[in-house]
Each structure stands twice: as C-alpha cells, then as structure tokens.
There are 2 protein chains.
Amino acid sequence: MVRVRMADVAARAGVSTATVSMVLNGVNSTRISPQTQQRVREAAEAVGYKPNSVARSLRTQQTRMVGLISDTIATTPFAGRMLAGANDVAREQGHLVILVDTERDAVAERQALHALNGQRVDAIIYACMWHRVVEVPEGLPEDAVLLDCVAPAGGRAAVVPDERAGGMAAVRELVAAGHRRIAFLDAEERFDLVASRLRFEGYLEVLAEAGIEPDPALHVRAEPVASGGREAARRLLSLPVERRPTAMFCFNDRMAMGAYTAALHCGLSVPRDLSVVGYDDQQLVAAELDPPLTTVALPHYEMGRWAMEVALGLRQADPEVPHLMPCPIVRRASVSPPPAQFGD
Amino acid sequence: MVRVRMADVAARAGVSTATVSMVLNGVNSTRISPQTQQRVREAAEAVGYKPNSVARSLRTQQTRMVGLISDTIATTPFAGRMLAGANDVAREQGHLVILVDTERDAVAERQALHALNGQRVDAIIYACMWHRVVEVPEGLPEDAVLLDCVAPAGGRAAVVPDERAGGMAAVRELVAAGHRRIAFLDAEERFDLVASRLRFEGYLEVLAEAGIEPDPALHVRAEPVASGGREAARRLLSLPVERRPTAMFCFNDRMAMGAYTAALHCGLSVPRDLSVVGYDDQQLVAAELDPPLTTVALPHYEMGRWAMEVALGLRQADPEVPHLMPCPIVRRASVSPPPAQFGD
DNA sequence: CCCGGCTGTTTAATCGATTAACTGGAGGTT
DNA sequence: AACCTCCAGTTAATCGATTAAACAGCCGGG
C-alpha cells in the first residue's frame, strides 16, 4: 500500500497542489480551465490518489466524525436499531460514527469524552439503552444530543419515546375490541422506570376516556421479565371470574410472554379467552410468540435518526422540551373481543 | 470551548513546544530537567491543554482508530456482544472504533472502505452477524481480520465459533442424561448455513461415539424460527411412541422455543417427558423460557476480543486456518433423564 | 587556553491537505 | 502608451503536533 499524496497528483498533472485541491473539491472550479481539470482528474485516477482525511481535518477543523457514547447500547438487543438509525443519517451526510460503550462506568465515560474530544469529533450523542433520566457526565459538551434519555436539569436536546401515547394506543386497542376489565402488568417500582409511570398514565387516561372505573386490583407489578409476567398473570387469572381481567396490557413483551404461559397453564387460549398487548416490539419475542403478539413498538430507529440529524445540524431541537417520538402500535394476533359473557 | 494549543502551554512555561511535547509524552524524559518537567506539567494543567489527536495522527501516521465494518451487526441482537468484545480490547489499548453498518450492500461496503481508508485507520475488522462464508469486498486490506466469517479462498485471519464441538457438547449432554433417541431439529438447507452442517456433524459424531445408530427420521429441517421448530417438533411428537424422540437438539433457541410450545400442545412436559437443548444462548429466549433452556452459547464476546487483539497486533493469527472459538454449554433446566420406559 | 563531551533545550523540517493572497500575461479601453 | 480587468493558475501560510539535528553553556583534560 503505497502512499500517494496530492503532490504526486500535482506532479503528474504538471500543476500545483493548490490546483489539484481546487479541482478535486470542486471549489473555485470556474477558475480552472476544463482541460486542466480533466488532466488533474486523470492524473489522480492514474496514480490512485485517495485523500487523507486526517490532513484535511487538521486544516479544516472538522473531522466528519461523530462520537456516540452509550451505556451498553450495543449489548442490548433492541437498542441496536438506534445505532442503525444514527448510522444511516451519518452515512447519508458523509460522516462516520465512533462508538464507545461505557457500560455506565463513570471512569470509562470520562475517558471516552477525553478521547472523543481529542479526536475533535464534530458532534457527540449520548445514548441510553432504556428511557432514563440521567446525570450526564461532566464535560459533556453543551451541544451534545441525548438519545433515549433526558437530563434532570433539562437544557439539552433530547429525544425519548412517547410512552404515554404508546400506553394509550395499547389500551385503546383493547377498549376498541370491547374489553372493560383491562389489567396493567407493570414493572416493579424499584426499577424506577420512567416508562412505567408514563405508560400507566396512558392506561388511566384511556380508561377515563372510555368511562371505565380503574380497578386497583388490576394494576399489578412484577419484575419485568417473563417469569415476573407469568406469576403476575397467574394471580390475576385465579381471581373469581367476575373480577378477572379479560385483557392484559403488559409493560413489555417479555412479561407478555409470561402472560401467555400463565394463560396456557390455566387452560385459557390467547386471544379467545384472554387478549394481550405488549410493549417494545422485540422481534425475537413478539413475532415469535404463538399467536404473534400485538404490541407497541419503541421507535428506536427513528430516535437514532433524529438524534443524528440534530447533532449534524440538519434539524433544530428545542433544548427545553425533549422530543417525543411516537410509538406505533403493531397489530398481530393477540387481541380479540372478550368472551361473550363479558361483552358489552 | 477555547482552543488550547501546545504553543500556549509552551509560552506559559517559558519553553519551546518541543520540550512540551517531550515532557507530556514522556519521550527523552531523562534529558529534560525535573524542574522544567514540573513547570510544563503545571502550565498544561493551568491552561487546560488537551492534545489534538488529529495533528498527532498526521505526524505519527497512526490514528489509534480501528474500523469495524459489519453487515447489520448492530441491528441483530446477539452480535452486539461481538462489538462489546472488540470495543473492550480497543479501549484497553487506547484505541477507538469506528463502526460502519453496511447492510450487506456492496456500494455501502465500497464507500465504507473508502471512508475508513481516508481516515487512515490502523486496522480493519470485517464482521458478519452469522457464521458465513463471505466474498470479501474488493479493496479490503490484506491484514483485515474477519469476524464470524471466513473467506472462501482463505488466506486471511479469521475467527468463527467451533460449531462442530458445540454440536457435540449439546448431544453429549443428552446422551449423558441417558437419551438414545435424540432428534436434531435442523435449519432448512436453503438458508445455507455453515453452522447447520457443522452442528450436524457434531451430532453424528457423538451418536457414533455412544454407539447409537442415527435414525434419519429424527433429522428434520424447518425454518429456523419458533414456528418452524414448533411444526417440526409437532411432527416428531406425533410419531408412534417407540419411534418418537425423547430429546431434541435444536439448531437454535428460537426453534427450541417452538419445541416447547409443541410439547405443551401434546400434553408433554419439559424436561420430564422431553429434553431440549438449543443453540445460541439468546438471553431473551433461552433464559426466559419455562423451564429455562439448556443451550450452547455462541462466544460472540470472545470472538470480538480475539479479532481486535489480532487487528492490533497483540496476538498472532494463522491466516491459513480460521481460529475456532469454543462454544460452551450453558446448563439450565431443560434436560433430564428420559421417562422410565425409555431408560437404559 | 583550547578542545571535546555532556546537558538541557531550541530550531526547523515534516506529516498532507486547504485557501487567502498574489502573479504574469492576454486583451480591452481611453 | 498607459492603465485596468480578467484569466488561470501559483505561492506560501496554516492547521497542531513530533522529532532529528543543531546549539549554547559548562566542565574537565591536555
């Protein structure tokens, strides 16, 4: 791999490097005669010239690289889509992304920030794998964009899923099918999930909208994994039939998976005897379940795109209010009208 | 954010930039008096000097960045662990990784290679999300490392999972529990998976080892997703009892998930009536199933580490033979001895 | 008293581009 | 003839580091 410099192109074309630079970058192109341009381009081709971005970056003071700091974004399944979204925009704009995974370690975050600063990246995105309120690391530039998290103090561009609207969409789906006894299988409070609170708000809002009195017994909490969902669902399904829910809105798809298991164990069939709606739209769970799960999708890809667009200045963001990205409902086959005796 | 240059440090310390450079890099440090060193360091601290890696890279001809090109690595759940492994090594070595997701698009790959070359990355890793034989893109440097794939022509450092040994481990687990009628729920051939062939080899090898005559009826193929596994398992479980398998080794965890469902539908309990072993160790599937699934883990993290270690020259690789990374078995609760009437 | 060697630091070249300022000559004007 | 305007480039400074080579003092030896 020989090093070909701009000077080599210039020598071969019999011009100065300034001319080569102008031609190849299309700057001031009116000032260079077409013949010369042609010669330069041929020379560049002939010697196999590839511009050195390091040198260019030094001179122009922009690197066309953006740093993406994340707590374990890469190691968690769904959040990869955020990366894909960010990456796509970056590519469209001729930028590269440097990914740093800090595993939530303050020291690693410090280091990452240092390294990215040293590389003089053009922008920084700070991403979380869950919707969270984060104490951003000291030294994070003012104009860094927060992805799937918000700063407690505000004042920073940020994008998060519209969990409240998502919760509403999920419950509306069930109400529309005719359900009135709708449980919410929530995550335990100790996980301190922003999403939990907001989805619950959405749940209550739609019940109110539909004139349904919320039954506290139907709001249960468990660890947000399959076994948690299973146990919670089991308890609900063992209620006397008139107090039993005909539908469950689950905090996430894994809990919904547990609800399926519980239903099966109770000899109930989904969706005939029990309708279920999940949240997250995790491919490996929602789509693979039997029957496929109706769920609310987390707009990771879109949030990734949004963050990168803001980072690159393609789009303006209001630093005072986090941008709420819609969570579309994904209809599959786990919702149907309630059994006849419960119908309205 | 003011720009502090080395010259500013030099001015404040009353020395030349050469001295500052030597002190801060610890080069020739015996030649600089302790007092001066002290003064330089204080000055650097006082003005908040942060070295500019772009300038350094230009001069030293190394960027301390490595490019990681992948087909959809980020968008697929398990492969994120490869990234984590690579990232960890990079960080330990003071390197940064530039991630490019090409979605298997040849044009995107070309572009990515161009961009990374332009950035003068110190090394390149080419990663796949599945174990595959790939036609590497033209222009991929000789010393690029292949991750989870091999080139048909060979001649390149590469690391892949040891699928054959993994298959052996899985089947040994079942044989050790006393099973003799062990099915292999394989992926369909049209998916053309290297893994499929190798795991099957491992399966046959262990049967031979145990003196079990392989029954062709127990080697079935289906789409490697839950529904495929469910149907395949259903067919096997509807065989007359003496020809029915007492255990299933599934090509992946999703198929195993399907096998669980089929067993449930047939009124069989896992592992009492049917033992199941999966492959991949996908957290969201294997660990969440009821009972938790015994499976073979794909060593993504370790492969990621290996690739980065080779890329950074920390470890030598034989370009003629791909490195085989062991796939450890993960024991959970889906294997038990066969029902009494089948015992040995 | 001059020379050589050592110490501690500086000078200046260099990495490979970008770009503001300049130039030499052709052509046009008055 | 003197002067101006374009044209088609070129010159040289610059980005911010690294590093080989040079250099200024000082000490000791002959």
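Order of the sequence lines fixes the chain letters, A, B, ..., with proteins taken first and strands second; residue numbering starts at 1 for each chain.
- At a threshold of 4.5 Å between non-hydrogen side-chain atoms, the residues A:Gln61 and B:Arg3 count as touching.
- Residues from residues 15-26 of chain B lying near DNA chain C, meaning a heavy-atom separation below 4.0 Å, are B:Val15, B:Ser16, B:Ala18, B:Thr19 in numerical order.
- A pairwise comparison of heavy atoms in B:Arg91 and A:Asp101 identifies NH1-O, 2.7 Å as the closest pair.
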Atom pairs and distances, side-chain donor-acceptor, residues 40-54 of chain B, under 3.5 Å, sequence neighbours left out:
{"from": "B:Arg41", "atom 1": "NH2", "to": "B:Gln37", "atom 2": "OE1", "distance (Å)": "2.7"}
{"from": "B:Glu42", "atom 1": "OE2", "to": "B:Gln38", "atom 2": "NE2", "distance (Å)": "2.9"}
{"from": "B:Asn52", "atom 1": "OD1", "to": "B:Val54", "atom 2": "N", "distance (Å)": "2.7"}
{"from": "B:Asn52", "atom 1": "OD1", "to": "B:Ala55", "atom 2": "N", "distance (Å)": "3.2"}
{"from": "B:Ser53", "atom 1": "OG", "to": "A:Gly118", "atom 2": "O", "distance (Å)": "3.1"}

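- A close approach under 4.0 Å does not occur between any side-chain nitrogen or oxygen of B:Arg31 and OP1 or OP2 of C:dG8.
- Ionic pairing of B:Glu92 and B:Arg305 is present here: one or more N-O contacts between side-chain nitrogen and carboxylate oxygen are shorter than 4.0 angstrom.
- Rounded to an integer number of Å, the gap from OH of A:Tyr49 to C1' of C:dG16 is 7 Å.
- Annotation: of the two residues near DNA chain C, B:Gly14 and B:Thr60, the 5′-most nearest-nucleotide partner is B:Gly14.
- Spacing between atom CD of B:Gln61 and atom P of D:dT19 amounts to 11 Å, rounded to whole angstrom units.
- Residue contacts for B:Arg56: at a heavy-atom cut-off of 4.0 Å it reaches the sugar-phosphate backbone alone, with no base atom in range.
- Atom pair A:Asn52:CG and C:dT14:P shows a separation of 17 Å (rounding to whole Å applied).
- For residues 134-158 of chain A, the set of pairs meeting the side-chain hydrogen bond (donor to acceptor under 3.5 Å, both in side chains) definition, not counting sequence neighbours, is empty.
- For A:Met22, the side chain to side chain contact (heavy atoms under 4.5 Å, CB included) criterion is met by A:Asn28, A:Ile32, not counting sequence neighbours.
- Side-chain N/O atoms of A:Asp71 and A:Thr102 include no donor and acceptor closer than 3.5 Å.
- Note: CG (B:Asp8) to P (D:dC15) measures 11 Å, nearest angstrom.
- Per the geometry, CZ belonging to A:Arg120 stands 11 Å off C1' belonging to D:dA17, to the nearest Å.
- Between C:dG16, D:dA17, D:dT18, one nucleotide has an atom nearer to the side chain of A:Leu58 than all others, and that is C:dG16.
- Regarding A:Arg5, its CZ atom lies at a distance of 14 Å from the P atom of C:dT18, rounded to whole Å.
- Residue A:Arg59 has no polar side-chain atom (N or O) positioned under 4.0 Å from OP1 or OP2 of D:dT14.
- Near DNA chain C, defined here as any heavy-atom distance below 4.0 Å, there are no residues from residues 32-48 of chain A.
- Evaluation of the side-chain hydrogen bond (donor to acceptor under 3.5 Å, both in side chains) test over residues 10-23 of chain A, restricted to residues two or more places apart or in two chains, returns A:Ser16-A:Thr19, A:Ser21-A:Asn25.
- Note: NZ (A:Lys50) to P (C:dA17) measures 12 Å, nearest angstrom.
- Atom CG of A:Leu298 is separated from atom CG of A:Asp162 by 11.0 Å, given to the nearest 0.5 angstrom.
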